[in-house]
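Just follow the structure's listing: the first ligand is 1, and inside any ligand the first atom is 1. Sequential numbering from 1 along the given sequence is applied to the chain's residues.
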Amino acid sequence: MNIPLVDLKRQYHSLRPELERAMQSVIEDTAFIQGPYVQRFEADFARALDVSQAIGCSSGTSALFLALKALGVGSGDEVITTTHSFFATVEAIVEVGARPVLVDIDPETYTLSLQQAEQKISNKTRAVIPVHIYGNPVSMGPLMELARSAGLHIVEDCAQSHLAEYQGGKTGTFGAAGCFSFYPGKNLGAYGDAGAVTTNDKTLADRMRKLLNHGRQDKYLHDSMGYNHRMDGLQGAVLGVKLPHLEDWTRARISAAAKYNSLLKDVPGIQLPVPTADGRHVYHLYVVQVSGRDKVLADLEAAGIGAGIHYPVPLHLQPAMLEYGYRNGDFPVAEQAAARYLSLPIFPEITDSEIDYIADRLKKAVAAHG
Ligand SMILES: *Cc1c(COP(=O)(O)O)cnc(C)c1O
């Protein structure tokens with residue numbers, strides 16, 4: 001057996017004629033930057049999320065940057081987020097000139113500790129970035145309550161949470177803005193870098209559209225300084241072909257996770273993922289915790305299983321974060337979990353027999369090393 005962590009080829013082969021036709025049309029139309037394919041995708045994505053505006057952009061990182069920038073977050077401000085995320089979450093905060101203020105995670109759901117977020121609010125705090133990590137939604141009810149009472153903006157990091165829900169509302173529709181990544185391996189993946197911001201605020205949407213396209217008022221007039229964070233036409237076309245399948249793919253991920261759960265429950269030494277109460281976890285990643293993680297990982301690799309670690313180093317211990325003064329021991333829950341995380345292969349097309357094989361090998365490796 002040879003099972004990668006994510007297999008993008010199976011999905012490509014299942015949609016090959018449609019994808020190639022769509023890409024061909026972009027080239028025939030020479031609609032390379034923004035244009036009709038991107039506009040159509042933006043409208044479809046907004047409809048899929050039940051939100052009034054979706055703004056296509058160049059990546060999930062630029063989506064986070066644009067949202068913070070358009071909300072006026074900048075120098076002298078603090079933005080609270082979790083230490084357990086991909087590095088881009090703090091990069092966007094630093095890029096607008098603000099200071100990232102990190103908090104530990106909940107030991108079960110791995111999402112940011114609401115209690116610590118509340119404690120870290122200062123008179124400089126302007127925003128909180130909840131990260132729906134692995135596709136597990138943050139408890140948005142209490143967080144929105146906190147944000148309202150403290151007058152803070154919420155910018156959701158939805159890079160891993162396409163179609164995830166909390167109490168029936170989709171992630172990306174609770175805060176001022178929802179920031180999505182369409183990096184190829186994400187639940188909705190482009191064929192290159194791409195991202196989007198969702199919002200119900202038309203004024204904020206217009207500000208982001210202008211910022212991402214050189215501060216343009218029209219073709220020749222620039223009434224503000226901006227950036228180049230536009231989405232490519234090819235990415236808009238590929239995403240447009242894939243979006244109608246996203247709900248089926250999401251269900252396939254959820255049932256793959258349920259199969260893993262049933263095979264791995266009650267196995268000593270394996271801690272299963274815990275979905276947020278009242279939430280819909282969409283399993284961008286299926287992450288267990290095991291002891292003897294590095295040896296277990298090596299055994300799985302030797303058995304042809306592409307397991308991974310998301311993420312071995314929490315954000316507060318990244319070398320680039322040194323100037324913010326964090327130390328080992330600051331966030332014990334995240335630090336202990338970082339040594340135990342193990343991501344098992346998950347993607348919509350994974351088969352039952354592959355999951356059987358992975359679970360069997362994992363149990364043997366944990367029995368040997370755990
Ligand atoms: C992937 C990811 C990003 C960044 O998205 P890009 O499209 O790669 O720029 C941000 N946050 C999280 C949690 C991610 O997983």
Side-chain angles (χ1 to χ4, degrees), residues 5-6 8 38 41 45 54-69 79-96 100 102-103 105 109-112 127-138 140 154-164 171-172 175 177-198 208 212 227-232 234-236 238-239 242 253 273 276 281-287 308-316 318 320-321 334 337-338 341 343 346-347:
L5 183 65
V6 189
L8 300 180
V38 171
F41 171 70
F45 193 62
I55 300 101
C57 62
S58 55
S59 70
T61 309
S62 64
L64 288 163
F65 168 79
L66 288 164
L68 292 171
K69 191 86 186 165
V79 178
I80 295 172
T81 193
T82 166
T83 191
H84 179 48
S85 184
F86 178 62
F87 192 59
T89 312
V90 286
E91 270 179 315
I93 298 169
V94 172
E95 184 66 20
V96 298
L102 301 176
V103 299
I105 53 170
T109 63
Y110 310 150
T111 57
L112 91 172
V128 180
I129 305 184
V131 180
H132 307 297
I133 194 79
Y134 306 150
N136 200 19
V138 171
M140 291 308 290
I154 295 291
V155 173
E156 295 173 68
D157 185 333
C158 305
Q160 304 186 358
S161 72
H162 314 69
L163 302 189
T171 59
C179 302
F180 290 83
S181 167
F182 306 121
Y183 180 82
K186 297 292 164 76
N187 288 21
L188 179 61
Y191 282 178
D193 278 311
V197 187
T198 53
M208 290 189 278
L212 71 84
Y227 305 86
N228 179 354
H229 288 314
R230 297 175 300 217
M231 186 190 278
D232 287 346
L234 282 168
Q235 306 314 338
V238 166
L239 291 166
K242 287 185 165 200
R253 284 176 183 276
T276 298
H281 190 326
V282 295
Y283 296 97
H284 170 58
L285 292 166
Y286 183 86
V287 180
I309 306 173
H310 300 86
Y311 301 90
V313 181
L315 296 179
H316 69 285
Q318 289 291 344
M321 292 289 289
Y341 290 128
S343 306
I346 193 162
F347 44 91

Going by atom types alone, do Thr109 and Asn136 pair a side-chain donor with an acceptor below 3.5 Å? no
How long is the span from the CD1 atom in Ile129 to the CG atom in Asp157, to the nearest 0.5 Å? 7.0 Å
For Ala194, side chain to side chain contact (heavy atoms under 4.5 Å, CB included) partners two or more places apart: Phe182, Ala190, Met231, Gln235, Leu239
Classify the ring geometry of Tyr341 against Tyr134: parallel below 30°, tilted from 30° to 60°, perpendicular beyond 60°. perpendicular
On a heavy-atom basis, the closest approach of Val197 and Ala177 is CG1-CB, 3.7 Å
Taking atom types as modelled, find out whether His132 and Thr171 have a side-chain donor-acceptor pair closer than 3.5 angstrom. no
Could you go through ligand 1 and note, for every N or O atom, any protein N or O atom closer than 3.5 angstrom, writing the atom names and distance to 0.1 Å, or 'none'?
| residue | atom | partner | partner atom | Å |
| --- | --- | --- | --- | --- |
| ligand 1 | 5 (O) | Ser181 | OG | 3.3 |
| ligand 1 | 7 (O) | Gly60 | N | 2.7 |
| ligand 1 | 7 (O) | Ser181 | OG | 2.6 |
| ligand 1 | 9 (O) | Gly60 | N | 3.3 |
| ligand 1 | 9 (O) | Thr61 | N | 2.9 |
| ligand 1 | 9 (O) | Thr61 | OG1 | 2.5 |
| ligand 1 | 11 (N) | Asp157 | OD1 | 3.3 |
| ligand 1 | 11 (N) | Asp157 | OD2 | 2.8 |
| ligand 1 | 15 (O) | Gln160 | NE2 | 2.8 |
| ligand 1 | 15 (O) | Lys186 | NZ | 3.1 |

